[in-house]
Visitor: 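Input: one structure, supplied below.
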Amino acid sequence: MSAGVGGGRGSMSGHSLRARLSAHWPLLLVLALALIGMQRVLTEHWREGAALLGLATLVAAGLRVLLPPDRVGLLAIRGRTADALIYGGFGIAVLALALTITRGSLSVS
């Protein structure tokens, strides 16, 4: 029997966990930062959480600019310039709002 498609577990090196993690680490890093930010927002530390969400998108912009196309993974949606401008613009806007809004809270009382 040949080890073709569906040959057996681990027979295709491109589908190993290590290969998938190395291909998608940029997205996993951005998602980890965003999840930490969301956790901070949900525990009523909304300014810290919003700042982390803005930072996550700035990290995405930086990774999109610095990494070659074959290493950027799922952060590549459009062209490199468009992705970097959109991620960066959104990150700066969210970070600026988080750092400049000093009054108010998420809790309704």
Side-chain angles (χ1 to χ4, degrees):
M1 216 185 266
S2 69
V5 176
R9 280 192 233 184
S11 65
M12 298 173 61
S13 63
H15 292 291
S16 70
L17 180 60
R18 181 175 287 173
R20 285 184 282 181
L21 285 177
S22 68
H24 298 298
W25 72 265
L27 179 65
L28 294 174
L29 174 64
V30 171
L31 286 177
L33 286 171
L35 284 174
I36 294 168
M38 286 304 299
Q39 183 271 336
R40 297 302 291 163
V41 168
L42 293 173
T43 57
E44 297 187 15
H45 296 87
W46 67 271
R47 289 184 72 206
E48 292 174 18
L52 278 169
L53 289 169
L55 179 67
T57 56
L58 288 175
V59 167
L63 290 172
R64 185 64 177 107
V65 169
L66 296 175
L67 293 175
D70 61 331
R71 303 292 296 165
V72 76
L74 292 173
L75 288 179
I77 298 173
R78 300 159 214 85
R80 177 179 279 186
T81 304
D83 281 344
L85 287 174
I86 292 168
Y87 290 147
F90 185 70
I92 288 170
V94 170
L95 195 57
L97 286 172
L99 297 176
T100 58
I101 297 175
T102 57
R103 297 179 64 187
S105 109
L106 289 179
S107 61
V108 178
S109 18

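Hydrogens, waters and symmetry mates play no part in the numbers below; they use all other heavy atoms, side chains included.
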Visitor: Do L29 and F90 sit in one hydrophobic cluster, given that two such residues count as connected whenever their side-chain heavy atoms are within less than 4.5 Å of each other, even indirectly?
Guide: no
Visitor: Between R64 and D83, what is the shortest heavy-atom contact and its length?
Guide: NE-OD2, 2.8 Å
Visitor: Test side-chain contact (heavy atoms from CB on, under 4.5 Å) on V65 and Y87; report intermediate values, then the result.
Guide: CA-CA 11 Å; V65 169; Y87 290 147; over 6 Å; no
Visitor: What distance do L31 atom CG and H24 atom NE2 have between them, rounded to the nearest 0.5 Å?
Guide: 11.5 Å
Visitor: Quick one: are W25 and L63 in side-chain contact, heavy atoms under 4.5 Å?
Guide: yes
Visitor: Applying the 4.5 Å side-chain criterion to the ILVMFWY set and letting contacts propagate, would W46 and L97 be lumped into a single cluster?
Guide: yes
Visitor: To check you understand the geometry: which heavy-atom pair defines the closest contact between M38 and L53, and what is its length?
Guide: SD-CD1, 3.9 Å
Visitor: Tell me whether V59 shares a hydrophobic cluster with L35, the cluster being built from Ile, Leu, Val, Met, Phe, Trp, Tyr side chains joined at under 4.5 Å.
Guide: no
Visitor: So how far is it from L99 CG to L95 CG, rounded to the nearest 0.5 Å?
Guide: 4.5 Å
Visitor: Looking at every non-hydrogen atom in both residues, tell me the closest pair between A51 and A98 and how far apart they are.
Guide: N-CB, 3.6 Å
Visitor: Please lay out, stage by stage, how R47 and I101 fare under the test side-chain contact (heavy atoms from CB on, under 4.5 Å).
Guide: CA-CA 8 Å; R47 289 184 72 206; I101 297 175; 5.6 Å; no
Visitor: Side-chain heavy atoms nearer than 4.5 Å, only ILVMFWY residues, links allowed to pass through others: does that put L27 and L55 together?
Guide: yes
Visitor: As a quick check of understanding, evaluate side-chain contact (heavy atoms from CB on, under 4.5 Å) for V94 and T57, giving each step before the final call.
Guide: CA-CA 9 Å; V94 170; T57 56; 5.6 Å; no
Visitor: Do you know the tightest heavy-atom contact between L75 and P26?
Guide: CD1-CB, 3.6 Å
Visitor: For R40 and L52, work out which heavy atoms get closest and say how close.
Guide: CG-CD1, 4.1 Å
Visitor: Shortest non-hydrogen contact from G88 to A61?
Guide: N-CB, 3.6 Å
Visitor: Quick one, V72 with R80, criterion side-chain contact (heavy atoms from CB on, under 4.5 Å). Give me CA distance, side-chain angles, the key distance, then yes/no.
Guide: CA-CA 10 Å; V72 76; R80 177 179 279 186; over 6 Å; no
